[in-house]
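The structure appears below as structure tokens.
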Number of protein chains: 2
Amino acid sequence: MKPMDTPDAGHMYERIAAALRDQITNGTLRPGDRLPTQQELVDTFGCSRQVVRFALDLLENEGLVDRIQGFGTTVRKYDPLVRRSALHYRDMPNAPFAEEALAAQRTPRYTHHTRLDRIGPDVASRLGLEVGTEVMRTDYVSYVDDQPAMLVTSYENLEYTRGTVIEKPEEGYLAGAGLVPRFTAIGRRPTKITERVRVRPPRPAEEEMLRIKPGVPVILISRTTQTRETILETADIIIASNLFELENSFVIEPLVSTLEQQHERPASQDGPLSV
Amino acid sequence: MKPMDTPDAGHMYERIAAALRDQITNGTLRPGDRLPTQQELVDTFGCSRQVVRFALDLLENEGLVDRIQGFGTTVRKYDPLVRRSALHYRDMPNAPFAEEALAAQRTPRYTHHTRLDRIGPDVASRLGLEVGTEVMRTDYVSYVDDQPAMLVTSYENLEYTRGTVIEKPEEGYLAGAGLVPRFTAIGRRPTKITERVRVRPPRPAEEEMLRIKPGVPVILISRTTQTRETILETADIIIASNLFELENSFVIEPLVSTLEQQHERPASQDGPLSV
DNA sequence: TAGTGGTCTAGACCACAAT
DNA sequence: TTGTGGTCTAGACCACTAC
């Protein structure tokens, strides 16, 4: 019969998607609400069920709806936690992840597994070591309300940690403390931590580990922790983007005439100086 | 005939997708290569064309392939630039975006449009001003090799910039300079810049503005620039995640509380020190 | 013009959730 | 059991690319 474009413009599936998207974004349909059934949409728009399904595919891939077999299609909820780098890289020996979750009325939990491992090319180049060098590897899985939210794999250079209290990250009196207090405790206080952030749709393995729904990208962070001369640690962090936002703060150094650079001086007051 | 699961396990479309995904990720099919045609896949897997298309939908939504009508399906290329916060928020009055692009052998270009604007609730709360206050708004579109890559909308508090040389961000001798040198020039050197990073699939408007392909999430950054007492600026930044990665560096302050400094001391295995 | 991918129909059966 | 969404077939026509 009528093949595709009926009265208006564009394709039928896009018209259906646009109609529903409007209702979702303008609040007519609210998070958790049920959309019309596929059959109702077939009747409303006078098209085949495949077309309706294609329209719902779009909305699902946009992260706007959840489709529950046998139940219906609902508007997806979004209520992320915030991962603050400043919390993770401060001196206090608390667990920043737990703090973030509890502050948002969620229940945090994590598992960890530490073992010796030999590194591949990628980690080797980040640590400045030879491929195959033995390092201390720790895998973490962090849960929010029993839902996996973040995967971390950390590699620590044994040259610096071997035989110290922090050789095993989750043992000893600094178990669970952040990188900064741990390495400070062995006289190797980090001077800089660098995060490289990449974003893409999840791989099937990540989809499974994080129980990710369609339309939810993952955030991948490669971190390196260093002192002036050495690289202490590197880590791969995988985050489900529907559960976390990131917050990064950058401290701007005051202008210190031309003589001195920023060294061990607690940030002084910023005078209105000319350039 | 045979409805779905033939010999092996799972659904046919997932088997097809998995076979192709393997070839892409293990390098049998390389970026730019053409996949088999839909008809060839129909013949190979002995299923209907709809099922083959569903499999390709998956790969497209994973960002792995491009589908070009009349030509074929190809393996997508990924070669992002790096947005370094340290570059954007430093003192040098250069254009960091151009520098990043040129370093990667790409051609940068951007447009800008500055005007007075009255702010809505979101920007108002970020600037600590009343809704409807007049601010200086500037919209930027940044292109890499003539492809739009980043949208920035910046709102500057006129209370501080009115009548100064930086009142219009893209005029005067500091045109195009970063936030730090510009505000420093009027005696309001920023002390902290905070970025909140959110990730999700693109809205249709964003898809169009950034000419985004299926399976490419957007990165949304809300930035605020402040001195100790005041909020100077806030901005919304939208980035196509296939064109940019982010790099954030965090400087760890030396310990100044006690006389203890870490510094160049190669201190190996020493006993546990109190934090 | 030939061949590619894009949209659509009409109908079938399966899997899961609610009752 | 009923109704929801999930997978699949077989076939049609449209839109674009390359030759």
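Numbers restart at 1 for each chain; the letters A, B, ... are given by sequence-line order, proteins then strands.
The distance from atom CD of B/Gln50 to atom P of C/dG6 is 11 Å, rounded to the nearest whole Å. Here C/dG6 presents its P atom at 14 Å from NZ of B/Lys213, a figure rounded to the nearest Å. Taking atom OH of A/Tyr13 as the reference point, atom P of C/dC8 lies 7 Å away to the nearest angstrom. Spacing between atom NE2 of A/His11 and atom P of D/dC14 amounts to 13 Å, rounded to whole angstrom units. Atom pair A/Arg34:CZ and D/dT4:P shows a separation of 9 Å (rounding to whole Å applied). Between the CD atom of B/Glu14 and the C1' atom of D/dC8 there is a distance of 16 Å, rounded to whole Å. Atom CD1 in A/Ile16 sits roughly 11 Å away from atom C1' in C/dC8 (whole-Å rounding). Distance, A/Gln39 CD to D/dT4 P: 8 Å, rounded to whole Å.
For residues 47-89 of chain A, the ring pair (Phe, Tyr, Trp, His ring centres under 6.0 Å) pairs, not counting sequence neighbours, are A/Tyr13-A/Phe54, A/Tyr89-B/Phe250. Pairs passing the salt bridge (Lys or Arg N to Asp or Glu O under 4.0 Å) check and including a residue from residues 40-59 of chain B, sequence neighbours excluded, read B/Asp57-B/Arg67.
At a threshold of 4.0 Å, the pair A/Arg200-B/Glu245 does not count as salt-bridged, since none of the basic side-chain nitrogens sits closer than that to a carboxylate oxygen. In summary, B/Glu195 and B/Arg223 do not engage in a salt bridge, as defined by a charged side-chain N under 4.0 Å from a carboxylate O. Looking at A/Arg211 and A/Asp146, no side-chain N of the basic residue comes within less than 4.0 Å of a carboxylate O on the acidic one, giving no salt bridge.
A donor-acceptor contact shorter than 3.5 Å links the side chain of B/Glu100 to the backbone of B/Arg84.
For the salt bridge (charged side-chain N to carboxylate O under 4.0 Å, His left out) test, no residue two or more places apart in sequence or in another chain qualifies with A/Arg203. With sequence neighbours left out, the side chain to side chain donor-acceptor pair (under 3.5 Å) criterion links B/Lys213 to B/Asp66.
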Sort me out a list of protein N/O and nucleotides 1-3 of chain D N/O pairs below 3.5 Å, or just none if empty.
residue	atom	partner	partner atom	Å
D/dG3	N2	A/Gly70	O	3.3

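Of the candidates C/dT7, D/dG5, D/dT9, the closest approach to any side-chain atom of A/Arg49 belongs to D/dG5. Here the side chain of B/Arg67 is nearest to one of C/dC8, C/dG6, D/dG5, namely C/dG6.
Remark on DNA chain C: of its neighbouring residues A/Val51 and B/Ile68, the 5'-side contact belongs to B/Ile68, judged by nearest-heavy-atom nucleotide.
Contacts with DNA chain D (heavy atom under 4.0 Å) in residues 52-61 of chain A: A/Arg53, listed by number.
Across all strands, A/Gln38 comes closer than 4.0 Å only to sugar-phosphate atoms, never to a base (heavy-atom distances).
Donor-acceptor pairing under 3.5 Å is recorded for the side chains of B/Ser85 and B/Asn248.
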